[in-house]
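Note sheet for the following structure.
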Amino acid sequence: MHRALAALEPRTFAADDAARLLRLFAEVERLAAAGKAMMARRVEETNLWRRDGHRSAASWLASTTGSSMGAAVGALETARRLESLSATAEAHRDGRLSEAQAREITGAAAANPAAEADLLTAARREPVAALRQRAQRINAANAADEAARQQAVHAGRHLRHWSDPDGAFRMDLRTTTEAGAAILATLKPFADQVFAEARTAGRRESTEAYAADALVSMAEAAVVPGGDDRPGPSGPRAMVHVRVDHQALVRGHTEGDEVCEVPGVGPIAVATARAWAGDAVLRALVINGVDVVAVAHAGRSVTAAQRAAIEERDRCCVVPGCAVANGLEIDHVDGWVPTRITTLARLARLCRWHHYLKTHCGYRLEGSVGDWRLVAPDHPPPDDNNGGGGTDGDDAGPGTTATLDLGFAATR
């Protein structure tokens with residue numbers, strides 16, 4: 001396989017030949033998945049993973065194969081179930097089932113072995129999504145009782161998040177159908193609002209993109225247990241921690257080994273950190289190598305009085321022609337990093353879209369209160385991760401890092 005791929009030149013193949021080879025590679029992939037499942041099960045039985053210092057066979061499998069823990073847990077579970085489902089095991093060994101198909105069949109056939117033959121037939125004729133629905137119905141029908149099934153799903157609930165290689169935040173939620181329905185019902189009015197605002201602004205995006213924006217709006221509008229329903233003098237409802245090198249914060253982008261990230265979530269643009277810092281509770285840690293040499297708390301956040309005043313003054317987005325009045329974000333017009341001051345006259349409330357353009361796309365907000373205008377950049381912003389920004393301010397010495405604890409709420 002190594003030799004074949006090393007010599008492979010895809011553009012030299014006719015379409016039919018390329019399709020034939022694709023099907024061949026897909027079969028190899030299915031066979032490899034079957035072999036991987038069988039050997040992973042054997043490693044689990046022999047406890048080899050303990051010798052290598054892993055906390056579980058799934059941890060060892062994820063490390064060895066470069067997969068996620070969730071995928072490793074699923075692969076081992078499928079391998080265990082195959083031991084009692086001979087027909088499915090044979091189809092898997094023959095390369096007739098993909099890893100996803102084997103997972104769905106074994107999950108349902110473990111609950112009702114009599115359904116194994118029908119599931120194998122369905123796998124040959126139906127897409128994976130249809131097979132999954134069939135398996136779900138079998139599992140539901142063969143649960144000892146509805147309460148037991150509900151309890152089992154509830155016991156396996158989880159919320160996981162990770163970052164893609166390109167820095168995108170990803171999230172996976174598993175919960176009961178009732179909980180999912182409640183989440184979707186709560187999300188719908190936010191999604192409708194995002195959709196309406198996009199149409200009013202003349203933007204056309206996918207339903208999935210609107211749903212993602214709606215989820216953020218729902219999180220920002222959430223009521224924190226033990227608190228009231230909006231930010232007030234007591235401080236922000238939510239706290240986001242950002243670690244950013246001071247030089248990068250001043251410069252406007254990272255260079256070399258500098259970082260700008262939300263610990264445990266992933267990297268963000270320096271422009272985003274700057275925008276958040278404009279209305280935040282700041283804690284700065286001055287770091288020299290591994291030693292924290294100083295800690296400072298700076299009151300750079302918009303005060304409660306300023307917040308109340310600007311909410312009263314800017315009832316909707318200040319960009320001319322924009323009527324969005326919900327989910328507005330407070331913007332330091334001149335940026336806090338260059339000016340180091342927060343005055344009401346140089347604060348403005350923007351909708352999320354126009355705040356994004358100003359923060360990330362080189363747009364400028366010019367004018368004054370009552371006479372703002374959004375000015376487009378003279379040329380498109382550079383296609384990099386800098387997120388805009390200039391070189392104003394004094395650079396700190398080597399190894400100096402600022403850690404920002406940035407608190408923000410729906411109105412930021």
Approximate separation, where rounding is to 0.5 Å, of [X] [atom1] and [Y] [atom2]:
{"X": "Arg199", "Y": "Tyr210", "atom1": "CZ", "atom2": "OH", "result": "4.5 Å"}
{"X": "Leu357", "Y": "Leu365", "atom1": "CG", "atom2": "CG", "result": "11.5 Å"}
{"X": "His92", "Y": "Thr78", "atom1": "NE2", "atom2": "OG1", "result": "7.0 Å"}
{"X": "Ser56", "Y": "Met69", "atom1": "OG", "atom2": "CE", "result": "4.5 Å"}
{"X": "Trp372", "Y": "Arg349", "atom1": "CH2", "atom2": "CZ", "result": "14.0 Å"}
{"X": "Phe195", "Y": "Arg204", "atom1": "CZ", "atom2": "CZ", "result": "7.5 Å"}

Might you work through the side chain to side chain contact (heavy atoms under 4.5 Å, CB included) test for Trp49 and Thr64, ending with a clear yes or no? CA-CA 10 Å; Trp49 49 274; Thr64 302; over 6 Å; no
Any donor-acceptor N/O pair, [X] side chain to [Y] backbone, under 3.5 Å:
{"X": "Arg134", "Y": "Leu119", "answer": "no"}
{"X": "Arg157", "Y": "Thr175", "answer": "no"}
{"X": "Asp245", "Y": "Gln247", "answer": "no"}

Residue pair [X] / [Y], side-chain heavy-atom distance below 4.5 Å:
{"X": "Asp314", "Y": "Leu328", "answer": "no"}
{"X": "Leu374", "Y": "Leu350", "answer": "no"}
{"X": "His332", "Y": "Leu347", "answer": "yes"}

Heavy-atom neighbours of Arg93 CZ exceed 12 at 6.0 Å: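 No, CZ of Arg93 has 12 or fewer neighbouring heavy atoms, counting only those of other groups under 6.0 Å.
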Crowding at CG, Asp16 (>12 non-hydrogen neighbours, <6.0 Å): no
Return the minimal non-hydrogen interatomic distance between Leu85 and Ala110, and the atom names on each side. CD1-N, 4.4 Å
Quick one: closest heavy-atom pair of Met171 and Leu215, and the distance? CE-CD2, 3.7 Å
Using side-chain hydrogen bond (donor to acceptor under 3.5 Å, both in side chains), reason through Thr88 and Arg81 one step at a time and then give a plain yes or no. CA-CA 10 Å; Thr88 304; Arg81 290 170 173 169; over 6 Å; no
Give a yes or no on whether a salt bridge exists between Arg80 and Glu77, defined as a side-chain N under 4.0 angstrom from a carboxylate O.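 No.
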Ser217 side chain to Arg352 side chain, donor-acceptor N/O pair below 3.5 angstrom: yes
